[in-house]
Amino acid sequence: MDRSENNYYYNGSLSAAESDVPLTEPERQYFFMDKVKKIVENKVRDLGRPLTFHVTTFGCQMNARDSEKLRGILLRCGYEESEDEDCDLVLYNTCTVRENADNKVFGRLGVLYGYKKKNPEMLIGLCGCMAQEEVVTDRIRKSYPYVDMVFGTHNVYMLAEILYQRFDENKHIVDVRESADRIVENLPLERKYFFKSGVNVTFGCDNFCSYCIVPYVRGRERSRRPSDIIDEIKRLAADGVIEVMLLGQNVNSYGKGLEEKTSFADLLRQVNEIDGIERIRFMTSHPKDLSDDLIRAMAECDKVCPHLHLPLQSGSDRILADMNRHYTKEKYLSLVDKIRNAIPDIALTTDIIVGYPGESEQDFIETLDVVDRVKFDSAFTFIYSKRTGTPAARRSDQVPEEVIKDRFDRLLTRVRADGEKKAMALTGKTLPVLVEEVNKQDEHLVSGRLANNSVVHLPGDESLIGKIINVKLDSCKGFYYLGNIAE
Ligand code: 5AD
Ligand code: SF4
């Protein structure tokens, strides 16, 4: 496409003769952060007010972590963070795992346009998973010309460079890459919580579950070097972080392709040794790769929280095979037995999809059977969403909406009842809670989590945030507890 067409600038490198631009990362990005900072300083002087930004995150923990990187870069460029989207730069870090996620974003872009009409300085950027889809970039170009920058999942780290191009060329930027050529370490980052942090261990996914768009938008699986991960966690611990969440689409296959041979179990053992870290969580585990050694490591490592999120997706062998999940109902159930034998108090949570193409009543009953037998502590239940480009979307036997709705309601009733029963079992006990924030509904309460990830509210104030305290769980309200600091 001609670069001047529609005033859009595609996947370009800089047009200006910038002989001093470093070719290595992260030096190149620091160079552009300094350049943008100068532009921002000039604008601040001319306008007589700060330039503000807001990053809105949709979707998973990976996106939340990427947003911390985006915020870190913008703060370093001299922007100030704004609480709301009526500001000078809004970035939507998007999710596309289900169709309603896309619709939500398109709806909200309209609201941003209202702000932009009042503020000539305002820039709007869309990044993350949606941006990797051609249907989305086409739609933005045609119907949302006020979006200034679109970039994908593989070049989040390039925000400063993209922003510089936007200022320098005064053209809209669409810079979406097919794949990631590298993992760029050591960029600035602004954490949302001072006491806990996500830590990427793998990027991308190679599993190609037949319904899922993630492998297409996040690319092939890449593992970070163990030394980079450990160094990052040591730095976090030195900076006051006590809980880390190791992140990957399938952390259980961590280590593939690394020079230093390391499994996820090895990595957990190494993280467990880091002084200052008190809680270790991880997300997500694929049942096909959950090894005996990982179960052993979870049981041995005192800092690893007794919680495992193990997506089931379906209880029907026929559907699981079609989904390309590489396990059967019996294999899943035997894994659960193994885990519960090794770690009796573990909380098990899961993801389940209802209405996968061709799902019969009998298939659905198999799913209910697993739910009945496992008794999950909680389950995220999803209505199957057709994602263009995935094998499942091409099937002609999509399940009618009313059938899906009925199954979804039946499933939800079961998982809710199990969750409530499980939670009741801890009522009356005194357990450690990491306090995370002042309660959003009631400022006299603070909210935190048990090691097993259950939410607890208790009377308290800001001074408790980031501390692990013993709390007596007085009552259970379905999915959360009300408690009091133990004497
Ligand atoms: N439709 C519904 N749910 C999906 N998930 C992934 N893709 C789809 C889809 N097309 C669910 C899976 C996954 C979770 C993150 O999202 O259950 O584990
Ligand atoms: Fe999607 Fe399957 Fe990869 Fe999870 S493991 S991100 S469901 S393809």
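Numbering of ligands and ligand atoms starts at 1, following listing order. By convention here, the first residue in the shown sequence is residue 1.
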Under 3.5 Å side-chain donor-acceptor pair for Asn452 and Ser454:
yes
Looking at ligand 1, would Thr390 count as a contact under a 4.0 Å heavy-atom criterion? no
*Working for side-chain contact (heavy atoms from CB on, under 4.5 Å), residues His457 and Gln441*: CA-CA 11 Å; His457 306 298; Gln441 269 86 47; over 6 Å; no
Check: Is there a donor-acceptor pair under 3.5 Å between the side chain of Asn324 and the backbone N or O of Phe208?
Finding: yes
Requested in this report: Assess Lys196 against Tyr193: is NZ or CZ under 6.0 Å from the centre of the six-membered ring, and within 45 degrees of the ring's axis?
Outcome: yes
Closest to atom 3 (Fe) of ligand 2 among protein heavy atoms sits Cys205 SG, 2.3 Å
Filtering Met323, Arg98, Arg387 for the heavy atom nearest atom 5 (N) of ligand 1 leaves Arg98
for atom 7 (S) of ligand 2, nearest protein heavy atom and its distance come out as Tyr211 OH, 3.4 Å
Under a 4.0 Å threshold between the charged nitrogen and the carboxylate oxygen, would Arg407 count as salt-bridged to Glu361? yes
Any heavy atom of Asn250 under 4.0 Å from ligand 2? The part involved is neither
Logged contact type for Val97 with ligand 1, heavy-atom cut-off 4.0 Å, is both
Arg325 heavy atoms within 4.0 Å reach ligand 2 at atoms 2 (Fe)
among protein heavy atoms, the one nearest atom 8 (C) of ligand 1 is Tyr211 CD1, 3.7 Å
query: So, are Asp351 and Arg98 salt-bridged, with charged N and O less than 4.0 Å apart?
result: no
If we number the atoms of ligand 1 from 1 as shown, the ones under 4.0 Å from a heavy atom of Tyr384 are 1 (N), 2 (C)
Discussion item. Please determine whether salt bridge (Lys or Arg N to Asp or Glu O under 4.0 Å) holds for the pair Arg296 and Asp292, giving the CA-CA distance in whole Å, both sets of side-chain angles, and the decisive distance to 0.1 Å.
Written reply: CA-CA 6 Å; Arg296 258 195 310 276; Asp292 290 350; 5.6 Å; no
Residue, atom and distance of the protein heavy atom nearest atom 2 (C) of ligand 1 read Ile383 O, 3.4 Å
For Gln313, the ligand 1 atoms with a heavy-atom partner under 4.0 Å come out as 12 (C), 13 (C), 17 (O), 18 (O)
Give the C-alpha distance, both sets of side-chain angles, the deciding distance and a yes or no for side chain to side chain donor-acceptor pair (under 3.5 Å) between Gln313 and Tyr211.
-> CA-CA 10 Å; Gln313 314 300 6; Tyr211 50 82; 3.2 Å; yes
Review point. Between Ser179 and His154, does any side-chain donor sit less than 3.5 Å from a side-chain acceptor?
Key: no
In terms of heavy-atom contacts, Ser253 and Asp289 come closest through CB-OD2, 4.0 Å
Exercise. Assess Cys209: does it contribute an N, O or S atom lying under 2.8 Å from atom 2 (Fe) of ligand 2?
Key: yes
Near Asn207 (heavy-atom distance under 4.0 Å), the atoms of ligand 2 are 5 (S)
re atom 1 (Fe) of ligand 2, the protein heavy-atom contact at minimum distance is Cys212 SG, 2.3 Å
Pro215 heavy atoms within 4.0 Å reach ligand 2 at atoms 8 (S)
Inset, instruction - Determine the interplanar angle of the Tyr113 and Tyr146 rings, folded into 0 to 90°, and report it as parallel if under 30°, tilted if 30 to 60°, perpendicular if over 60°. - result: parallel
Atoms of ligand 2 under 4.0 Å from any heavy atom of Gln249, numbered from 1 in the order shown, are 6 (S)
* Heteroatom distance test (Asp351, ligand 1): nitrogen or oxygen, under 3.5 angstrom -> yes
for atom 9 (C) of ligand 1, nearest protein heavy atom and its distance come out as Ser385 O, 3.6 Å
